[in-house]
Amino acid sequence: GLDLNISSSWHDNIEVMSKDAAKGLALGALLDHFGLTRDQLMAFGDNDNDLDMLRAAGHPVAMQNAVPQLKQAAEIIAPHHDDSGVGQVIEEYILNDQTP
């Protein structure tokens, strides 16, 4: 049998990849490479294919326009992407050193 990672990033597509090709695993590898901890990582997502990435982050952020499942996994809900939600969260929590 094949070990696959199947997800979707929009209502009209399906993403089929190796189980080893996941955003959460990639973030874990980056943390190891740079010697960082999960608490030093903030990740942003809006759809089902971002869930493992948010679970890997110490500070998971879902966009206001995210699917409900992602919002449940988030520590922070960012404003809608049309309102520069990522930038607003970075400014508030990273540049102004606020604790989530």
K.L.:
Following the transitive rule for hydrophobic clusters with a side-chain heavy-atom cut-off under 4.5 Å over Ile, Leu, Val, Met, Phe, Trp and Tyr, establish whether V61 and V86 coincide in one cluster.
P.N.:
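Same cluster: V61 reaches V86 through Ile, Leu, Val, Met, Phe, Trp or Tyr contacts under 4.5 Å.
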K.L.:
Excluding sequence neighbours, so at least two apart, what forms side-chain contact (heavy atoms from CB on, under 4.5 Å) with E92?
P.N.:
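Q98.
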K.L.:
Hey, what else clusters with L41 if you join Ile, Leu, Val, Met, Phe, Trp, Tyr whenever side-chain heavy atoms sit under 4.5 Å?
P.N.:
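L41 shares its hydrophobic cluster with L27, L30, L31, F34, L36, M53.
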K.L.:
Are M63 and Y93 connected in the hydrophobic side-chain network, where two residues link if heavy atoms are under 4.5 Å apart?
P.N.:
yes
K.L.:
For A73 and P60, which heavy atoms make the closest approach, and how far apart are they?
P.N.:
O-CG, 3.4 Å
K.L.:
Where the side chain of H59 meets the backbone of Q40, is there a donor-acceptor pair that is under 3.5 Å apart?
P.N.:
no
K.L.:
If you measure from CG on D50 to CD on Q69, what distance do you get to the nearest 0.5 Å?
P.N.:
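Result: 11.0 Å between the selected atoms.
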K.L.:
Are F44 and I76 linked, directly or through other ILVMFWY residues, by side chains that come within less than 4.5 angstrom of each other?
P.N.:
yes
K.L.:
If we only count heavy atoms from C-beta on, is the P79 to Q64 side-chain gap below 4.5 Å?
P.N.:
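P79 vs Q64: side chains apart.
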K.L.:
For N65, check side chain to side chain donor-acceptor pair (under 3.5 Å) against everything at least two apart and list the hits.
P.N.:
H81
K.L.:
Taking C-beta and beyond as the side chain, do L51 and L70 meet within less than 4.5 Å on heavy atoms?
P.N.:
yes
K.L.:
Give the minimum heavy-atom separation between G45 and A66, together with the two atoms involved.
P.N.:
O-CB, 4.1 Å
K.L.:
Just verifying a value: how many Å separate Q88 CD and L95 CG, rounded to the nearest 0.5 Å?
P.N.:
12.5 Å
